[in-house]
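Heads up, the thing below is written out as structure tokens.
Chain letters run A, B, ... following the sequence lines, proteins first, then strands; residues in each count from 1.
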Amino acid sequence: MVENLMQYLEGKTSQGFTRRPYYSPDGDFLVYYVHPDEAIAERVDDLLTVYRSMETREFVGCKIKGIRRLVETLRNFGVSIEAEDSSLTLSILFLTAARDRLPEHVHYYEEMGRFSKGVALDPAELQLA
Amino acid sequence: VCASLQRFGDARRANFEQRPDRSKTYQIAQFKGSGDVRVQVFGMGIPRGFRGLIGLCPSGEGECQFLVRQQYLDHLYKNGPEWKFYNLHILPEILGDPKAIFEGLRRDDFEGGYCYSGYPSKRMQGNSIVLPIPPETVAVVFVNPSVRGNVVLDWEWRPDDPDEPGRPEAWQDHFERLKWSKT
């Protein structure tokens, strides 16, 4: 059976918007939207892209890249990341990523850390456990 | 495509003495009065968990198969944002007819990745409302060649480069090199 993209889309209506992060195993990034506004991307650096509302220019989402290495760093610091844990949060990833960033970019990471406060990540879903 | 392959199985075998490259499109037969018949090899099988589409090869010559992870599509379908789901038509449009292709995504492990940029024909709001694309904006699609094929990583809107329309702003900083551009 030919599984093409356009066949998949035919007649489908979106089920709406929920704040739920998605981890891409192909791109090793995690994307998270907090608002359904259509967004324009702003690449901050090699690890972070932020999304701003086209209407209001406020932050509505972010993409953090290099997740495997960030998690490896956390493990090197003794942070436990196991399937049964709920201690891995998106803001911890921003904190880890911010360590070696250019001073002029750090505020983006801080902002995204606040923005994603309390968002728990499932290590199993991230295929990291 | 599947039907074509079955029906013209002999032609396919005749042309595929070697294992076909699933990322390319092959001409398998020519019929009197009907022109060339081209078969997208994705008809022979897309890796499990992916959807396929056809676009311009990163070299700028010929057609290639691209793959989109089903899981990502399902996530967008269930969780949105809706605009991103309804604008999935951007993928075949930009991969098929880009203004420019950049190589090297300037991030670890993705030095071999590509970014396709260009203007899609429309912007969808919901299933049926068709709008023009946002002003001073360009659509970009990120692709990474892997053992499975050319996998689409993501797609988004970026500010257009005012000096070189059709390319994302600061493309010189964000990508290693311009691989191909439409003349």
Do A:S24 and B:R69 have side chains that get closer than 4.5 Å, going by heavy atoms? no
Is any side-chain heavy atom of A:K12 closer than 4.5 Å to one of B:F85? yes
Would you compute the distance between atom [atom1] of [X] and atom [atom2] of [Y] and round it to the nearest 0.5 angstrom?
X	Y	atom1	atom2	result
A:D26	B:F50	CG	CZ	4.5 Å
B:H75	A:Y23	NE2	OH	14.5 Å
A:F29	B:R107	CZ	CZ	7.5 Å
B:D109	A:R68	CG	CZ	7.5 Å

Would a hydrophobic clustering, with Ile, Leu, Val, Met, Phe, Trp and Tyr connected at side-chain separations under 4.5 Å, put [X] with [Y]?
X	Y	result
B:I90	A:L9	yes
A:V34	A:I64	yes
A:Y22	B:L73	yes
A:V44	A:L95	no

Spell out the residues in residues 161-183 of chain B that have some non-hydrogen atom less than 4.5 Å away from a non-hydrogen atom of chain A, in order of number; otherwise answer 'none'. B:H174
Applying a criterion of heavy atom separation less than 4.5 Å, what residues of residues 114-137 of chain B form contacts with chain A? B:R123, B:N127, B:P134, B:T137
Taking every heavy-atom pair that is under 4.5 Å apart, which of A:T13, A:V31, A:D46 has the most such pairs with chain B?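 Looking at each option in turn, the highest pair count goes to A:T13.
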Among A:H35, A:K63, A:E42, residue most engaged with chain B (heavy-atom pairs, under 4.5 Å):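 Winner by heavy-atom pair count: A:K63.
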Has the side chain of B:W157 got a donor or acceptor atom that lies under 3.5 Å from a matching backbone atom of A:A39? no
Quick check against the 3.5 Å criterion: does B:Y86 have a side-chain atom that pairs as donor or acceptor with the backbone of A:S14?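 Side chain of B:Y86 to backbone of A:S14, a donor-acceptor pair under 3.5 Å: yes, one is there.
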Are there more than 12 heavy atoms of other residues, nucleotides or ligands under 6.0 Å from atom CD of A:Q15? yes
CZ of A:R20: more than 12 outside heavy atoms within 6.0 angstrom? no
Can you say whether [X] sits under 4.5 Å from chain A via the side chain, the backbone, both, or neither, judging by heavy atoms?
X	value
B:E156	side chain
B:Y77	both
B:L67	neither

Counting heavy-atom pairs under 4.5 Å with chain A, which one of [options] comes out on top?
options	result
B:N144, B:V140, B:V68, B:D108	B:D108
B:L88, B:L91, B:V151, B:D154	B:D154
B:N79, B:N87, B:L76, B:L153	B:N79

Between the side chains of A:Y8 and B:D74, does any donor sit under 3.5 Å from an acceptor? yes
Using non-hydrogen atoms only, which part of [X] is less than 4.5 Å away from chain B: side chain, backbone, both, or neither?
X	value
A:V60	neither
A:I40	both
A:D45	neither
A:R19	neither
A:Y33	side chain

Residue pair A:P36 / B:P81: nearest heavy atoms and the distance that separates them: O-CB, 4.2 Å
Got a sec, which residues hit side chain to side chain contact (heavy atoms under 4.5 Å, CB included) with B:P92, two or more places apart in sequence or on another chain? A:L5, A:M6, B:L53
Residue by residue, which of residues 102-110 of chain A have a heavy atom closer than 4.5 Å to a heavy atom belonging to chain B? none
